[in-house]
Amino acid sequence: MNYPQRFHQLLNYIDSNLDEDLTIDKLSDLACLSKYHFHRQFASIFGITAFSYIRQARMKRASYQLAFKKEMRIIDIAVANGYESSEAFSRAFSQSIGQNPSHFREQPQWQPWYQKYEQSKTLRIQRMKSNKRSHRVEIVDFNEVKVAALVHLGPLELLGNTINLFIDWRRKNNLSPKVSRTFNIVYDDPAVTEPEKYRCDICVSVKSDVTKNEHGVVTKNIAAGRCAVIRHVGSDDTISETIAYLYSDWLAQSEVELRDAPLFFERVSFFPDVPEAEVVTDIYLPLK
């Protein structure tokens, strides 16, 4: 295993084992590196120490639990992320995020949150590009799905507010992920679209049309047809890499034409329900 692969494996291990006691001995052993040099090597790649990365990863998980897992008590989130009391967690969360846990749960300020995590996200993407060429692309016949959809229009970093609104509607209509499928319809590429014009839909499969509601959820259909599908495993931070592979390498080698329909995702599993490194998203590219 080469040097970048060791750190890629290590980050996946950290993200999947945030409940463990992640000691320097364990981390350096997993990376097959000397513990006397491990911190300097990690910091030279990511710009922060391994322990700072672990703290950030736990705070990110805690943020998602606060925002999207309203049934979890704050004390339970604190303990799950390594704090012995809600007071200690509140101090650390406030210093890290800029809001205390209660205020973040009620009205998360996502733009400062994204700015905090942008540097480590960018470094990870640049340094730890994965080999998507090993992923299998299949061509499938997708059956039409009626969905309840909520439009997100605006900066991607504010998507969390739209997700919260949609989760509230979904709970009130008893459409949990256990009984209904979750989709995203992706109309724009955030890399080239002005933030205020970025648009996507958050969707859940339904059997009947949606009644008028205060949330703004409406009925739509994801059309039937041939699609190329590739499975992305891991954080959304690197999902653009998987999409780029579909459009460049795979499409260039395939004798297919694209249909006039937007890209869409099916969310098979979710963070923080599963570790971020184990999140599963199926990406569908509509074909003629």
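Here the structure is a predicted model, which means the values were calculated and not measured.
Counting heavy atoms from C-beta on, the side chains of L258 and L251 come closer than 4.5 Å. The shortest side-chain heavy-atom distance between F104 and I74 does not fall under the 4.5 Å cut-off. V229 places none of its side-chain heavy atoms less than 4.5 Å from the side chain of C227. For the pair F270 and T182, the minimum side-chain heavy-atom distance is below 4.5 Å. Looking at heavy atoms from C-beta onward, L27 lies in side-chain contact with I14 at the 4.5 angstrom threshold.
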With side chain to side chain donor-acceptor pair (under 3.5 Å) as the test, would you mind laying out the steps for H152 and D201 before giving the verdict? CA-CA 6 Å; H152 172 80; D201 291 345; over 6 Å; no
Steps toward salt bridge (charged side-chain N to carboxylate O under 4.0 Å, His left out) verdict (D237, K60): CA-CA 13 Å; D237 290 350; K60 182 178 182 179; 3.7 Å; yes
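The residues D282 and R181 are annotated as not salt-bridged, no charged nitrogen and carboxylate oxygen being separated by less than 4.0 angstrom. A salt bridge between D19 and R61 is present, with a side-chain N of the basic residue lying under 4.0 Å from a carboxylate O of the acidic one. By the 4.0 Å N-to-carboxylate-O rule, K26 lies too far from D21 to be salt-bridged with it. With respect to the salt-bridge test (charged N to carboxylate O, under 4.0 angstrom), the residues D141 and R226 do not qualify. A salt bridge links E71 to R171: at least one charged side-chain nitrogen sits closer than 4.0 Å to a carboxylate oxygen.
Residues N164 and P108 come closest through the heavy atom pair ND2-CG, 4.2 Å. In terms of heavy-atom proximity, C200 sits nearest to V186 at CB-CA, 4.3 Å. Of all the heavy atoms in S63 and F93, the pair that sits closest is OG-CE1, 3.6 Å. Minimum interatomic distance between V147 and N221 (heavy atoms only, all atoms of both residues): CG2-N, 4.4 Å. Annotation for D188 and T193: closest pair CB-OG1, 3.4 Å, computed over non-hydrogen atoms. The two residues K35 and S28 have their closest heavy-atom pair at CB-OG, 3.4 Å.
With rounding to the nearest 0.5 Å, the separation of CD in Q95 from CG in N100 is 12.5 Å. Atom CZ of F42 and atom CD1 of I48 lie 6.0 Å apart (nearest 0.5 Å).
Between the side chain of R259 and the main chain of L287, a donor-acceptor pair closer than 3.5 Å is present. In this structure, Q99 contributes its side chain and Q107 its backbone to a donor-acceptor pair below 3.5 Å. Without hydrogens or angle criteria, S16 side chain to N12 main chain gives a donor-acceptor distance under 3.5 Å. Judged purely by atom type and a 3.5 angstrom limit, S254 has no side-chain atom pairing as donor or acceptor with the backbone of V256. For the pair S44 (side chain) and Q41 (backbone), a donor-acceptor distance under 3.5 Å is present. A donor-acceptor contact shorter than 3.5 Å is absent between the side chain of N17 and the backbone of E20. Although no hydrogens or angles enter the test, the distance criterion places no donor-acceptor pair under 3.5 Å between the side chain of T49 and the main chain of A43. With Y198 contributing its side chain and V192 its backbone, the two residues share no donor-acceptor pair below 3.5 Å. No donor-acceptor distance shorter than 3.5 angstrom exists from the side chain of T238 to the backbone of E241, with no hydrogens or angles considered.
Residues Y53 and D15 bring a donor and an acceptor atom of their side chains to less than 3.5 Å of each other. Side chains of R231 and T242: no donor on one and acceptor on the other come within 3.5 Å. Side chains of N184 and E266: no donor on one and acceptor on the other come within 3.5 Å. A donor-acceptor contact closer than 3.5 angstrom is absent between the side chains of R91 and S94.
Partner of K69 under the side-chain contact (heavy atoms from CB on, under 4.5 Å) criterion, chosen from D76, I77, D273: D273.
When hydrophobic clusters are built by joining Ile, Leu, Val, Met, Phe, Trp and Tyr residues whose side-chain heavy atoms come closer than 4.5 Å, directly or via intermediates, V145 is not grouped with L285.
Screening residues 142-162 for salt bridge (charged side-chain N to carboxylate O under 4.0 Å, His left out) gives K146-D209 as the qualifying pairs, with residues at least two apart or on separate chains.
Enclosure of atom NE2 in H215 by more than 12 non-hydrogen atoms of other residues, nucleotides or ligands within 6.0 angstrom is indicated. Counting non-hydrogen atoms of neighbouring residues, nucleotides and ligands closer than 6.0 angstrom, the NZ atom of K197 reaches no more than 12 such neighbours.
Ring-centre distance between F265 and Y284: not below the 6.0 Å cut-off. Here the two rings, on F264 and Y187, have centers that are 6.0 Å apart or farther.
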